[in-house]
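Just below is one structure, and these are the notes that go with it.
Reminder, nothing fancy here: chain letters follow the sequence lines and each chain counts from 1.
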Amino acid sequence: MSSTTTPKVIAIILLLIAISAFTGMANDRFFAPANLENLLQRTSLFGLLGIGAAFVIITGGIDLSIGSVVGLSATALPWMLTEVGLPIPVALLIVLAGSALIGLIHGLLITRFSLQPFVVTLCGLLIYRGLGRQLVLDQTQSFGQEFDGLRTLSIGRPFAIAGVQISTPSLILLGVALLSGLVLSRTVYGRALFALGRNPEAARFAGLPVKRLTAAAYVGCSTLAGLGGVLFALDINSIQPVSMGSFYELYAIAAAVLGGCSLRGGEGSILGVVVGAAVMRVLYNSIVLLGIPSQLEFAIVGGVLLIGALFDEAFRRFVDARRLSRSRRAAPPAPSAP
Amino acid sequence: MTVAPAPQDSCVTARGVTKVFPGVVAVADVDFRVRRGEIVALVGENGAGKSTLMKMIAGQYPPTQGTVECAPGVRVALVHQELCLADNLTAGQNVCLGREPSRWGFIQERALHERADVALQRLGADFQARTPLAELSIGQRQLVEIAKALDQQTDVLILDEPTSSLTQTDSDRLLEVLKRLKEEGIAILYVSHRLPEITSVADRAVVLRDGRRVGELVGAELTREALVQLMIGRAEGHPPLAVPRPEGTIATVLELDGFATEAWPAAVQSLQVGAGEIVGLAGLVGAGRTELLETVAGLRPAHAGTLRLKGTDLAERSVRERIDLGMGFVPEDRAGCGLFTGGPVDENLTLPSAHRRSKGSPWPPGGWLVKASESREYVTRAEQLDVRAASPKVAVNSLSGGNQQKILVGRWINEGLALLMLDEPTRGVDVGAREGIYHVVEELARQGAGVLFASSDLEEVRRLAHRIVVMRDGRIVGELPQDEATEAAVMNLATGTTSHRVHTP
């Protein structure tokens, strides 16, 4: 975490606490174990997508196809298990490897053919949705009764803390977050990724393997979207190929941006993204618990994001102004200065 | 900005203006005045504050302190060194850009081109307003820029290095145009490095050094010698070479043979740089020096020929492989191509070599960061280069230009450094901090690295280089040993007035 993202992460944690406290005071069902369990599980699923989005956003790119990859993998997994009859490990491997391949194709199109990330992943958004629907001819998919063992991957609750059951996806998120945090802060790859986001031209001049670094970020993003799709499917067990995962890319991007990632690239932290995902879920939960008309959901989420962006810009200006005045004091100009 | 009554004939008066940028006082307490119908030259070395002062006079930068006053109704136009024209439009459309004559919201192309032709003819242009800009030479485009200013009824015309990329003939023609405009009562503020031009056209010259006004020369006082003395604060002479050129036969580190860049595929050339030798590339803007350096660095594909570093053929090598073989390149555009803007100072220095420190680790790809050896590396280099940073973690863009440049040089310092290349090593660096950069370069040469640098600042080339190679139109057109490289000799080669080759072993 760089010195400029730390205050952002602290701010987003405070925001999470503030919204939770406010909602909890207004409606005591917020702190009920069942509600917290649900929040944790949802946060974990969206957190995985947010971490994927963060990798791409740190390079200065964007991935709009996340929701469609979620939809495709959530559709393909039950179809392969129930219709095709593939063994579980094979089906899981195909879904995850296929998602990674999608990311690789994005990465190659962006780095080798110099297409814009927005365009490439917008096309992806449309293509994978179409492929997913065609695969099962829009039939709703379900795992039936035979795959309860597999479904514990998403709905299992291996242990409890203070009466709140912790679900398996939370553990998966914890693992992925620790690993991603380690990669970003402790490896040459991670540091190079930030450098590349700050200035891709400088990264090229410094001899960093810009194309490979960028492509790897897209592979990571799509793979996490594929994993997210698997977990969503196992959780819901009734997957509509038309709508499964739609708009999820926006939740993921919003979580990343709330968590301190700059869409200009070169900034962001994993902790921030996870908290950002939590803020999104808590906000949604609050709308329900506070009795706000659910039609307003998007408007409220959008408003919070906008205020966050304004606050971020104001903070940046404040820091710049302070830096300028400090250097002015360090180098006093003419003696005639008043 | 306060408006006070200005003396009658003054168009623009600057009083005690100061401009401070983060880490740098660009202009300090300067008084300046431009009157109608005179040509004032603004002179100084690179980084003396000329551009900043001009931009304040043109109203593009607000001064940090002091005032800039314009007489009522006076319009000021600034023609940048890098021309800001749209080459998908005609010359005339460029001249009238933003002020097109229109009826019912539709542009009247004929009226527009007639009006542009008037402005162009006033300048003695040898082309029509209907000519597409893309077909015009740099000299002709310069006239389009000036015509654009005239079309706005400009009273004060500011020209930033208008002749820096022009041939001798085009320059002479432009100077004639300036004299004519002066007769018409336009005030001209003229910035140039070419002293002979200044002594021939300017009525007076104001000299800046380190952001301060150090003197003014009027009429007969305005001689080349007097200008140079004021600019550099001492009489012109051959600056002493701090590091002598290595004696006898020296090992070749860089060897170009039949080499051509993609930008100038026809310009085939050969060049050698020896260990411990400092070679300067001189030439006009656009002579192909940057393209040559970037091609050698592997940032652009080569068109033809062989390229060897210490005997190793680099043809199929990536930028990183060239770096690992001992090559380092400090680009001209520090903010655009050099620094990881916003990132901390230490990472900016250590990241390009991070993969080497973690060698032997198979996972993760690229290896773990070895933070202890990294911070040791930073501390060593910062001390060696005398980097002044408040802390290793401050954002690199908060440093002064000189310190930023040292960070970029520091990236490449290691035992294996064979060839250091620098493009405009002191652009945007305070005059006082330049010697620091020169010392670093000389010290690296003393330790055996070959140095190849490009610079438009002739004083700098002569200060630093053992051997001066002059380029024009993508081609090496001549070579001068340090003691024969007078300003005239280099300019003649660079502009094509003469073409000769002094052979040095």
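- For a residue to count as touching a neighbouring chain, one of its non-hydrogen atoms must lie under 4.5 Å from one of that chain's; by this rule B/Ala335 touches chain A with the backbone only.
- In this structure, a donor-acceptor pair under 3.5 Å is absent between the side chains of A/Thr121 and A/Ser65.
- Taking chain B as the reference chain and counting heavy-atom pairs below 4.5 Å, the highest number among A/Leu208, A/Leu213, A/Asn199 is found for A/Asn199.
- Contact of B/Lys371 with chain A is made through the side chain alone, with heavy-atom distances under 4.5 Å.
- Using a distance-only test at 3.5 Å, with no hydrogens or angles considered, no donor-acceptor pair links the side chain of B/Arg15 to the main chain of B/Phe32.
- Of the two parts of B/Glu321, neither the backbone nor the side chain holds a non-hydrogen atom closer than 4.5 Å to a non-hydrogen atom of chain A.
- Using a 4.5 Å cut-off between heavy atoms, A/Ala216 does not touch chain B at all.
- Distance alone, capped at 3.5 Å, is enough to place a donor-acceptor pair between the B/Lys406 side chain and the B/Asp386 backbone.
- Side-chain atoms of B/Thr18 and B/Asp29 form no donor-acceptor pair, as typed in the model, at a separation below 3.5 Å.
- Counting heavy-atom pairs closer than 4.5 Å to chain A, the top-ranked of the candidates B/Gly66, B/Ser318, B/Pro352, B/Cys337 is B/Cys337.
- When A/Arg204, A/Arg212, A/Arg186, A/Arg191 are compared by the number of non-hydrogen pairs under 4.5 Å with chain B, A/Arg191 comes out ahead.
- Contacts between B/Leu299 and chain A at a heavy-atom distance below 4.5 Å involve backbone atoms as well as side-chain atoms.
- The aromatic rings of A/Phe205 and B/Phe329 sit parallel, their planes meeting at an angle under 30°, below the 60° perpendicular limit.
- For A/Ala217 against A/Tyr189, the heavy-atom pair with the smallest separation is N-OH, 3.4 Å.
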